[in-house]
Enquirer: 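Would you mind keeping the following structure in view while I ask a few things?
Proteins get letters first, then strands, A, B, ... in listed order; numbering begins at 1 in each.
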Amino acid sequence: MWTQYLIWIFLGIGLTFNGLGAIGLLRFPDVYTRLHAATKATTFGSIFTSLAVVTFAFTQLYLNGKMANLQLGLHTIVAIASLLLTNPVGAHAIARAAHRSGVKPEKAVVDKLAEVKK
Amino acid sequence: MLFNIPFIAVIIIISIGIYAMLYKRNLIKIVIALDLIESGVNLFLVSLGYRNGGIAPIYSNAPSTKMVLPTPQALTLTSIVIGVATTAMLLSFCMVIYRHYGTLDARKIRRLRE
Amino acid sequence: MKMSKIVRTQANFLYPFILIFGFYIIAHGHLTPGGGFQGGAVIATGIALIAVAYKYNDIKKWLKKTRLTATEGIGLLAFIITAICGFGTSFFYNWLANSGLLFGDRVPYGINPGYLNTGGVLPIMNLAVGIEVLGGLGVIIVYMLSYVKEVK
Amino acid sequence: MIFEYLLQIFLLIGLVILAYLAIKFKDLIACAISLGIFSFILSLEFYILQAPDVAIAEAGIGAGLTTAIFIIAIHGTSRWEVEE
Amino acid sequence: MIDIWFLTAFILLLWMILSIIRAVAGPTAPDRVVALDTINTLVVAIMIILSVAYSQIIFVDVAIVYALLSFVATLYIAKYLEGGI
Amino acid sequence: MRNALVAISLLIVFASLVYIAVNPGDFGGQTGEHLVFGEPKHTDMDDYFIHHGQNQSAANNIVTSIVFDYRGYDTLGEASVLFAAVLGAGLVLRALRRDKK
């Protein structure tokens with residue numbers, strides 16, 4: 001069936017972006033760039049690996065018509081939605097806390113945010 | 001195939017916990033060590049009931065009927081809830097001790113009492 | 001102090017979903033993984049989310065300690081009463097199973113998709129234990145927060 | 001089938017490393033964070049050992065509530081572990 | 001066809017071990033919190049993949065609980081680092 | 001001196017536990033029953049729960065039926081311990097706060 005190749009493509013995209021996020025977390029110099037790499041790329045990659053599962057579930061539903069596969073697909077969609085709701089808020093809170101606790105960006109000369117808040 | 005490796009990991013985790021309880025002086029670190037020991041015991045109970053090729057003991061939409069042993073999982077379930085309650089109580093004691101004595105070092109507290 | 005406006009808005013938006021999902025886990029405890037302990041812990045984590053997003057003095061009126069303690073007591077009492085109801089045979093007897101009453105359908109033997117109206121006395125006990133764990137784990141968080149606020 | 005065994009071996013090695021880290025740091029906040037990551041990986045190990053009930057309990061309690069309680073207690077006391 | 005799911009889960013686990021290295025070596029506390037957040041997301045992805053690999057449909061509920069609750073710990077640590085709980 | 005004694009005893013406990021885990025000897029039960037991961041010792045109790053739990057308590061989840069039906073007394077004790085722990089923590093914190101006033 002042709003959706004098999006679609007599943008492979010989705011898994012490949014997801015694995016690539018998750019790996020880029022992890023390598024960026026390991027290699028970048030300071031907190032803000034690490035946050036930029038880790039949070040955005042990992043959320044994007046996890047959405048694609050989950051979309052592969054959704055595609056698999058609906059393909060199986062089309063092939064043998066068991067209702068359990070519909071349950072698998074819907075629950076995975078709920079998991080993607082909750083991941084999409086909670087992940088950016090955590091990143092925002094970490095960035096704000098890092099700036100408030102006095103961590104400076106690497107090689108930065110001006111800090112406009114600290115001037116604004118005064 | 002997987003020759004007893006989970007049991008060895010459990011033993012290392014429990015030994016790290018016992019070492020920290022004996023040699024560290026900070027009270028919060030002792031509570032962390034107690035939490036580690038409890039987690040190791042939970043992992044030992046669950047991995048003792050695992051059966052090769054078995055599935056979870058739930059009959060809803062199960063792929064086969066060969067199941068892992070259900071009794072250790074039930075005992076572990078009650079153990080986890082008791083663990084968080086006792087951890088909270090010990091941390092409350094830690095906060096009260098810090099306010100009363102001004103330190104968390106176990107030896108200094110014992111010296112201050114006399 | 002309270003957190004930024006983004007976090008507060010998100011906590012307001014997410015709290016009903018956590019509540020609904022916790023009660024889903026409690027109610028389907030005899031069909032899918034989950035049950036009283038797990039659902040109660042999920043709802044208690046929702047209480048902790050509300051407590052972290054706002055200032056403690058603002059939410060002191062909603063999260064009263066006496067109310068949460070009373071919830072815990074009611075849960076424990078309901079659990080014991082449900083256990084006593086099976087006293088015709090023994091203490092923890094499942095007197096509703098296979099009887100045709102509420103939650104009393106006969107479950108087919110073997111692999112089945114799972115029907116909600118089965119389980120006998122188990123869903124009632126799940127609900128009682130869930131209410132108890134929700135009250136107990138929630139009141140611990142509120143106690144520790146209030147103590148920290150009073151001392152500092 | 002070989003990947004299943006490799007998965008479990010790597011998870012157990014990670015568990016042991018994080019258990020050592022949780023008692024090594026002088027900063028108690030770092031200890032609490034290490035204990036949180038330990039709880040996450042322990043929940044994944046329960047999941048692989050076919051115990052989803054225990055995995056849900058560990059995810060809700062160990063990952064969410066225990067870290068919160070430790071952070072509140074560290075805020076009520078001192079952050080650094082003073083040696084001598 | 002089934003074995004590709006295990007392969008994907010194993011590669012995701014390798015990325016997770018890279019994140020653990022950052023949690024070990026991070027110089028300040030916010031670095032370790034970033035590593036914690038990354039590990040959360042990767043664990044949710046591994047759980048969804050493994051539920052298909054074991055062909056157990058009901059295991060997805062664990063992943064939903066994880067995705068909903070794991071950021072509460074992040075919020076607590078962030079609020080502590082901002083100063084005041 | 002005392003530290004060395006404690007370290008030696010800790011090492012002995014650790015070595016004996018590793019010996020039990022690694023060596024498939026006759027630890028517990030009759031000779032010839034090993035402690036091997038993946039092949040637990042055969043007991044009648046678990047088989048009884050797996051085969052009869054669905055008829056007797058009408059639930060699909062065997063773990064829930066063990067927690068609330070077969071082993072209900074354990075759950076009763078657990079609920080009591082949770083109640084007592086919460087009560088103790090609240091009592092300690094509240095008494096000290098009244099003491100400050």
Side-chain angles (χ1 to χ4, degrees), chain B residues 27-28 31-32 34-35 38-39 41-43 45-47 49-51 53-104 109, chain C residues 25 28-45 47-48 65 68-69 72 75-76 79 92 106-119 122 125-126 129-152:
Chain B
L27 287 180
I28 289 184
V31 178
I32 288 177
L34 193 68
D35 215 345
E38 183 207 324
S39 301
V41 172
N42 288 340
L43 180 57
L45 279 176
V46 172
S47 65
Y50 183 69
R51 187 182 280 171
I55 62 163
I58 297 168
Y59 274 105
S60 306
N61 293 320
S64 74
T65 56
K66 183 186 179 189
M67 293 179 175
V68 301
L69 307 185
T71 313
Q73 297 188 13
L75 295 184
T76 310
L77 204 56
T78 61
S79 162
I80 287 177
V81 180
I82 290 178
V84 70
T86 50
T87 302
M89 201 179 72
L90 287 175
L91 286 175
S92 309
F93 282 152
C94 286
M95 291 201 297
V96 170
I97 285 173
Y98 185 77
R99 185 171 170 272
H100 203 88
Y101 290 104
T103 180
L104 273 182
I109 290 169
Chain C
I25 286 178
H28 286 243
H30 55 291
L31 299 178
T32 58
F37 300 123
Q38 293 95 340
V42 168
I43 299 175
T45 314
I47 291 177
K65 287 171 230 165
L68 284 173
T69 313
E72 187 189 6
L76 186 57
F79 180 68
F92 271 96
R106 180 173 291 277
V107 66
Y109 185 72
I111 298 167
N112 53 356
Y115 304 105
L116 188 60
N117 201 10
T118 59
L122 296 184
M125 282 190 178
N126 265 329
V129 171
I131 288 174
E132 195 222 341
V133 172
L134 142 75
L137 294 185
V139 79
I140 280 182
I141 294 270
V142 178
Y143 264 129
M144 294 178 78
L145 271 179
S146 73
Y147 177 77
V148 167
K149 281 298 167 190
E150 297 254 343
V151 167
K152 286 274 173 174

Enquirer: What residues of residues 63-76 of chain B sit under 4.5 Å from chain C when you count only heavy atoms?
Expert: B:Ser64, B:Thr65
Enquirer: What's the shortest heavy-atom distance between B:Ala62 and C:Ile111, and which atoms?
Expert: O-CD1, 3.4 Å
Enquirer: For residues B:Ser60 and C:Thr32, determine if any side-chain heavy atom of one lies less than 4.5 Å from a side-chain heavy atom of the other.
Expert: no
Enquirer: Is it the backbone or the side chain of C:Ile140 that comes under 4.5 Å from a heavy atom of chain B, or both, or neither?
Expert: side chain
Enquirer: Would you check, one step at a time, whether the test side chain to side chain contact (heavy atoms under 4.5 Å, CB included) holds for B:Leu77 with C:Gln38?
Expert: CA-CA 9 Å; B:Leu77 204 56; C:Gln38 293 95 340; 3.3 Å; yes
Enquirer: Is it the side chain or the backbone of C:Leu137 that comes within 4.5 Å of chain B heavy atoms, both, or neither?
Expert: side chain
Enquirer: Find the one option among C:Val148, C:Ile141, C:Leu31 whose heavy-atom pairs under 4.5 Å with chain B are most numerous.
Expert: C:Leu31
Enquirer: Search all heavy atoms of C:Tyr147 against all heavy atoms of B:Val96 and return the closest pair with its distance.
Expert: OH-CA, 3.9 Å
